[in-house]
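Take a look at the structure set out below.
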Amino acid sequence: MIDRTAPIIAIATAPGRGAVGIVRASGTGLGPWARVLCQRDLKPREATLVPIRDSSGHTIDQVVALFFPGPHSYTGEDVLELQAHGGPVVLQLILQRCLDVAQQPAIPVDATLEQPHAALLAHARMARPGEFTERAYLNHKLDLAQAEAVADLIDASTEAAARGASRSLEGAFSREVQALQEGLTHLRMLVEATLDFPEEDLDFLQQADARGQLDGLAAQLRQLQARSQQGRLLREGIRVVIAGQPNAGKSSLLNALAGAELAIVTPQAGTTRDVIAHVLQIEGVPLHVIDTAGLRAPDSPGVDEVERIGIERAWGQIAQADAVLFLHDLTRHAQADYQATDARIEADFAHIMSAQIPVLHVWNKCDVATRPAQTLPAATVCVSALTGEGLPHVRSRLLEMAGWQSSQAEGVFMARERHLQALARVQHHVTCAQDHLQQPQPALDVLAEELRLSQQALGDITGEFTSDDLLGVIFSRFCIGK
């Protein structure tokens with residue numbers, strides 16, 4: 001079992017060399033330990049330049065010490081931060097000195113006493129990944145959605161994602177969840193009051209417009225689900241696989257979308273042998289674009305063992321895609337064998353992909369094709385990877401397929417798949433409650449239970465009802481020192 005009350009110490013900055021590195025400690029009663037470590041009293045929240053010396057009295061480094069007495073700190077406990085020069089060896093020496101001082105006696109041992117005095121920080125240890133933020137959650141400095149936003153802010157790959165994570169950290173998402181909680185609490189109060197006083201019968205609920213209140217909460221929930229879906233896109237992005245026959249221009253399209261020469265492009269069929277991935281951003285949404293080997297029968301002429309492996313990997317990427325960009329060669333559109341191969345590829349999509357995965361058909365080489373683009377189906381897009389024609393349309397269609405709504409971008413907060421699943425459970429129970437309430441003689445005890453389960457699902461988001469196993473999964477993905 002992990003002792004969540006033991007003082008914890010860790011290097012809080014990323015590995016490697018830098019101008020500044022930070023060693024952080026958190027725990028109850030850090031004052032005496034900090035005094036021995038820094039060899040002086042530290043004023044709360046005031047930067048103090050102090051030497052950190054090893055056990056022989058030699059100075060390891062001059063550091064800026066900041067002491068935050070609990071509960072007015074990040075974790076809610078006493079917190080000490082030591083800002084030193086950012087060399088990895090220096091930081092390791094300071095970290096080891098912190099642990100060594102923690103085991104020193106609180107006051108000099110009196111030889112006349114039978115038992116020595118306890119160590120300054122008994123059981124002090126290295127922090128686990130995310131343990132500082134976990135303690136902030138356990139000490140009610142943050143709820144669980146805000147704590148997750150800390151990691152999302154650190155991991156944000158676009159400006160829009162960083163802004164969304166900042167809104168979640170400030171509590172925007174939690175406030176909307178809390179508003180739903182309060183509405184459900186009021187409605188539960190009405191229903192359970194009717195259960196406690198059956199003489200009120202259904203008139204009490206009708207006069208209070210319980211059905212109207214529940215419908216209003218359902219509409220509020222739908223809006224929250226839509227905004228949460230936008231937040232999930234900001235956090236996770238979408239995984240787009242470029243697929244098609246050899247020499248359709250897949251690598252050229254990846255280069256054009258990225259604005260850089262990421263993939264080798266030659267007239268030779270089968271140039272791309274392996275998966276090439278690159279992260280782009282469109283309107284702040286991360287797109288994980290993956291270029292794959294050209295799809296053709298493994299026994300086709302000229303296909304060697306390396307290309308066969310590349311084709312297998314291509315199909316593996318397609319099976320894991322959020323969206324597939326199926327690239328066609330407009331200059332070969334009239335060729336019967338080319339059409340037949342395209343048809344086989346599209347048929348194979350249906351066997352390995354979920355029906356929910358959208359496919360965007362894109363016809364390349366419109367700048368040199370002799371066949372008019374007007375003859376193609378209306379849902380397709382014509383582009384030139386060479387000149388850039390049609391690329392803005394491809395970008396907008398990809399966002400549309402992912403469900404991104406630019407009009408909501410400004411107020412979007414960060415959300416995770418876990419949050420969407422919890423909201424889906426809330427919607428299920430609210431819908432069941434609506435169905436019960438519409439019955440001529442609703443079962444009020446069942447209605448009350450559906451409302452309770454709705455509240456519990458909402459509590460999973462903020463951590464009101466959360467298992468230790470889930471906390472372990474969430475915080476283990478944080479970096480050490482955070």
Side-chain angles (χ1 to χ4, degrees), residues 2-4 6-27 30 61 63-66 68 73-99 102 124-139 141-170 173 231-232 234-237 279 286 288 413-419 463 466 468-482:
I2 296 173
D3 184 359
R4 286 176 170 162
I8 53 174
I9 307 170
I11 297 173
T13 41
R17 297 192 305 169
V20 177
I22 298 175
V23 175
R24 174 184 287 168
S26 178
L30 290 191
D61 195 10
V63 306
V64 175
L66 283 164
F68 303 91
S73 68
Y74 178 70
T75 64
E77 303 171 333
D78 292 344
V79 171
L80 177 67
E81 290 193 354
L82 304 175
Q83 300 178 10
H85 293 94
V89 174
V90 172
L91 294 176
Q92 286 292 339
L93 289 172
I94 293 175
L95 175 64
Q96 187 58 53
R97 181 57 180 162
C98 290
L99 293 170
R125 58 176 172 79
M126 290 282 293
R128 295 177 290 108
E131 193 166 6
F132 288 92
T133 304
E134 181 183 26
R135 292 197 174 190
Y137 162 70
L138 294 173
N139 292 324
K141 305 295 288 187
L142 302 169
D143 64 32
L144 191 56
Q146 289 175 298
E148 289 171 306
V150 173
D152 293 337
L153 184 59
I154 294 171
D155 295 337
S157 58
T158 69
E159 180 180 351
R163 292 182 183 276
S166 180
R167 292 189 193 99
S168 288
L169 182 56
E170 291 173 351
F173 185 27
R232 187 192 68 82
L234 275 185
R235 179 181 181 273
E236 299 178 7
V279 180
H288 306 273
F413 42 73
M414 197 66 75
R416 299 185 172 205
E417 183 63 30
R418 182 182 76 82
H419 303 150
T466 304
D468 286 347
D469 289 341
L470 178 60
L471 293 182
V473 170
I474 290 173
F475 290 108
S476 66
R477 297 174 182 173
F478 282 51
C479 53
I480 293 177
K482 196 62 183 176

Decide yes or no on side-chain contact (heavy atoms from CB on, under 4.5 Å) for Leu144 and Phe475, but give the supporting numbers first.
CA-CA 10 Å; Leu144 191 56; Phe475 290 108; 4.1 Å; yes
Could you go through Leu82 and Ile94, starting from their C-alpha distance and side-chain angles, then the distance that decides it, and tell me whether this counts as side-chain contact (heavy atoms from CB on, under 4.5 Å)?
CA-CA 9 Å; Leu82 304 175; Ile94 293 175; 3.9 Å; yes
Audit row: Thr13, Val23, side-chain contact (heavy atoms from CB on, under 4.5 Å) steps and yes/no:
CA-CA 8 Å; Thr13 41; Val23 175; over 6 Å; no
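- Among all heavy-atom pairs drawn from Ala127 and Phe132, the shortest one is CB-CE1, 3.6 Å.
- Contacts classified as salt bridge (charged side-chain N to carboxylate O under 4.0 Å, His left out) and involving residues 8-25 (residues at least two apart or in different chains) are given here: Arg24-Glu81.
- Across every non-hydrogen atom of Ala84 and Leu91, the tightest pair is CB-CD2, 4.2 Å.
- With sequence neighbours left out, the salt bridge (Lys or Arg N to Asp or Glu O under 4.0 Å) criterion links Arg232 to Glu236, Glu417.
- Taking 4.5 Å as the limit, every side-chain heavy atom of Ile11 sits out of range of all side-chain heavy atoms of Ile22.
- For Arg235 and Asp155, the salt-bridge test fails: no basic side-chain N is under 4.0 Å from an acidic carboxylate O.
- Across all non-hydrogen atoms, the minimal contact from Leu169 to Gln146 is O-NE2, 3.0 Å.
- Proximity of Asp61 to Leu93: side-chain heavy atoms (C-beta onward) are nowhere separated by under 4.5 Å.
- Rounding to the nearest 0.5 Å places CG of Leu80 at 7.0 Å from SG of Cys98.
- Proximity of a side-chain donor or acceptor of Glu134 to a complementary backbone N or O of Glu131 within less than 3.5 Å is not detected.
- Taking 4.5 Å as the limit, every side-chain heavy atom of Thr75 sits out of range of all side-chain heavy atoms of Ile8.
- Shown here for Ala165 and Ala149, the closest heavy-atom pair between the two residues is O-CB, 3.6 Å.
- Shown here are the side-chain hydrogen bond (donor to acceptor under 3.5 Å, both in side chains) partners of Thr133, two or more places apart in sequence or in another chain: Tyr74.
- Using a distance-only test at 3.5 Å, with no hydrogens or angles considered, a donor-acceptor pair links the side chain of Asp143 to the main chain of Ala145.
- Under a 3.5 Å cut-off, the side chain of Asp78 and the backbone N or O of Leu30 do form a donor-acceptor pair.
- Distance OG/Ser73 to CG/Asn139: 8.0 Å, rounded to 0.5 Å.
- Ser26 and Glu77 make their closest contact through OG-OE1, 2.6 Å (heavy atoms, listed as atom of the first residue, atom of the second, distance).
- Nearest heavy atom pair, residue Phe413 against residue Arg167, reads CB-CB, 4.2 Å.
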Given Ile9 and Leu95, is the side-chain contact (heavy atoms from CB on, under 4.5 Å) satisfied, shown in steps?
CA-CA 7 Å; Ile9 307 170; Leu95 175 64; 3.5 Å; yes
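- Other residues, nucleotides and ligands place no more than 12 heavy atoms under 6.0 Å from the NE2 atom of His85.
- Annotation: side chain of Asp152 is in contact with side chain of Arg416 (closest heavy-atom distance under 4.5 Å).
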